[in-house]
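Single-structure report; data block below.
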Number of protein chains: 2
Amino acid sequence: MTARTQAESPRGIPEATVARLPLYLRALTLLSDEGTSTCSSEALAVAAGVNSAMLRKDLSHLGSYGTRGVGYDVEHLRYQIAREIGLTTDRNVVVVGLGNLGQALANYAGFRTRGFRVVALLDADERLHGTVVGGVAVRPVHDLERVVADLDVAIGVLALPASAAQEVADRLVAAGVTAILNFAPTVLSVPEGVEVRKVDLSTELQILAFHEQRRSPSYLADGEPVATGVGGREEVR
Amino acid sequence: MTARTQAESPRGIPEATVARLPLYLRALTLLSDEGTSTCSSEALAVAAGVNSAMLRKDLSHLGSYGTRGVGYDVEHLRYQIAREIGLTTDRNVVVVGLGNLGQALANYAGFRTRGFRVVALLDADERLHGTVVGGVAVRPVHDLERVVADLDVAIGVLALPASAAQEVADRLVAAGVTAILNFAPTVLSVPEGVEVRKVDLSTELQILAFHEQRRSPSYLADGEPVATGVGGREEVR
DNA sequence: TAGATTGTTAATCGATTAACAATC
DNA sequence: TAGATTGTTAATCGATTAACAATC
């Protein structure tokens, strides 16, 4: 019986490390494009915008892919990280909700080049049905279960009003999807084992507002200016 | 001389707490709309999707706004959090880059209802100049400095290709902007005192891919399927 | 007063960083 | 061999959680 302190399963990679692997991948791609074949942890750390000690620590969770005194082979490390993330196989994505944001996502070229295929678009508004966005026809949300099964969808992207998000998430989960990217400004509850990432645009602006406030001149001069309508309701559309 | 352990200035609120304040604000708005006038930390925590101990700890950084044995007054707490974040005053936002994502952001209703006014849109493509998106006319990026000064812009949103992001960020900073929301998939370097938040769509999908991979059947069966073109270059457009 | 719930303390946990022995 | 740089250990730091005294 070995005591295991960390939340590390056999293949346990800390969550914070996982979140940085894509940054390293991008930095390596950049270096590769520049024709760099070898790089030190220091150089890669700068390119990724992190501390080199952290980078080495992160990479140590994947294995020993560097050479002491030399550094890392750019192509090799890039492949190893891509494999670790699971990008050596393409993944199929369904986007639900084709308002402004959903359309932008459906058109986003960055997904394709990274191994994500938007294979289906769903929207509740029947006026959109049949229209083509980014080369894919919009279908009724009613088709969700069929689409997930037939097109082998691995990831669901929710770009719809907060009021509809939970129901669609439930259906995605029931259909077997275990990864959801949620742009709707609402808390989703999903069963254990389903991974949800949240992108919340107003939250980001609010965090910026907080910091911005702390350095504007008027902040020092106290003041609790009155205002209402703050924190209003919202949709992602 | 008092030793100060935490990275807490007089008004020091931990970064993790700041990032959750917008969630609490939203949850309170929801409760308020339902007609709830008082709530416990437990109820609010559930609505915000966090642990109630963490919620109370977070709120304790702002002050003592609850009543033991009773809970929190929804409206009062909502106001206090809004004030803390700095939402009692509207903030002006410029969006740079009006590709699909930029247009979606310019149209995003959630900003308005939260005290953010998109007052200017800039794009390098002159075919877009003069077109109106979300009620605001697109202007040349050349106007950046004038726009920031004349329209009192507090926050810059970058929705442009990675290759252009650093240059525009530099100009925003030089013009006095201290808060940037960056959708371009690149590391921005900015001087001390400037706050950058990053939203990276492919990174989010990659993190999901990692987790999704760990529970798909084929993962157990080893396998290092070969593939290339992974981690490619990208634009936000 | 008895029950409820906050605000805070202390314990735990995880993530970051510095430092350095291992080794190319 | 001397210089460079990794991978790892140990120290630090910050964030989360449990527990409970304070108090409505």
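All chains are named by letter (A, B, ...) in the order of the sequence lines, taking the proteins before the strands, and each is independently numbered beginning at 1. On a predicted model such as this, the values are computed, not experimentally measured, just so you know.
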Subject >> Closest listed nucleotide, where the reference is the side chain of B:Ser40 and the choices are C:dT6, D:dT6, D:dA15 >> reply: C:dT6
Subject >> Distance in angstrom units between A:Lys57 NZ and D:dT5 P, rounded >> reply: 22 Å
Original post:
Roughly how many Å is it from NE2 in B:His61 to C1' in D:dA15, rounded to a whole number?
Top reply: 9 Å
**OP:** Measure from CG on B:Asp58 to P on D:dA15 and round the result to the nearest Å.
**Re:** 10 Å
Original post:
Who does D:dT9 pair with, Watson-Crick or G-U, both distances under 3.5 Å?
Top reply: C:dA18
Original post:
Using a cut-off of less than 4.0 Å, is there contact between a side-chain N or O of A:Ser41 and OP1 or OP2 of D:dT5?
Top reply: no
Original post:
Which nucleotide, in any strand shown, forms a Watson-Crick or G-U wobble pair with C:dC24, with both distances under 3.5 Å?
Top reply: D:dG3
**OP:** Can you tell me the distance, in whole Å, between the CG atom of A:Leu21 and the C1' atom of C:dA15?
**Re:** 15 Å
**OP:** State, to 0.1 Å, how close A:Ile155 and B:Ala209 come at their nearest heavy-atom pair, and which atoms those are.
**Re:** CD1-N, 4.4 Å
**OP:** Tell me what A:Ala16 touches on the nucleic acid: a base, only sugar-phosphate, or nothing, going by heavy atoms under 4.0 Å.
**Re:** sugar-phosphate
Original post:
Nearest-Å distance, CG (B:Asp73) to C1' (D:dC24)?
Top reply: 15 Å
Subject >> Heavy-atom pair with the smallest gap, counting every atom of A:Ala47 and A:Ala27 >> reply: CB-CB, 3.9 Å
Original post:
Separation of A:Arg20 atom CZ from C:dA15 atom P, in whole Å?
Top reply: 8 Å
Original post:
How about B:Leu105 and B:Phe111: do any of their side-chain heavy atoms sit closer than 4.5 Å?
Top reply: yes
Original post:
Mapping B:Glu42 and A:Thr67 to their closest nucleotides on DNA chain C, which lands nearer the 5' end?
Top reply: B:Glu42
Measure all distances between protein nitrogen or oxygen atoms and nitrogen or oxygen atoms of nucleotides 20-23 of chain C, and list the pairs falling under 3.5 Å.
{"unit_1": "C:dA22", "atom_1": "N3", "unit_2": "A:Arg68", "atom_2": "NH1", "d": "2.9"}

Subject >> A:Tyr24 OH to D:dT6 C1', straight-line distance once rounded to whole Å >> reply: 15 Å
Original post:
Would you say B:Glu84 and B:His61 make side-chain contact, with heavy atoms under 4.5 Å?
Top reply: no
Original post:
Whole-Å distance between C:dG7 C1' and B:Leu59 CG?
Top reply: 10 Å
Subject >> A:Asn51 side-chain proximity, nearest of D:dT17, C:dT17, D:dG7 >> reply: C:dT17
Original post:
Looking at B:Tyr72, does any N or O in its side chain come under 4.0 Å of the phosphate oxygens OP1/OP2 on C:dG7?
Top reply: yes
Original post:
Can you find a heavy atom in the side chain of A:Leu21 that is under 4.5 Å from one in the side chain of A:Leu25?
Top reply: no
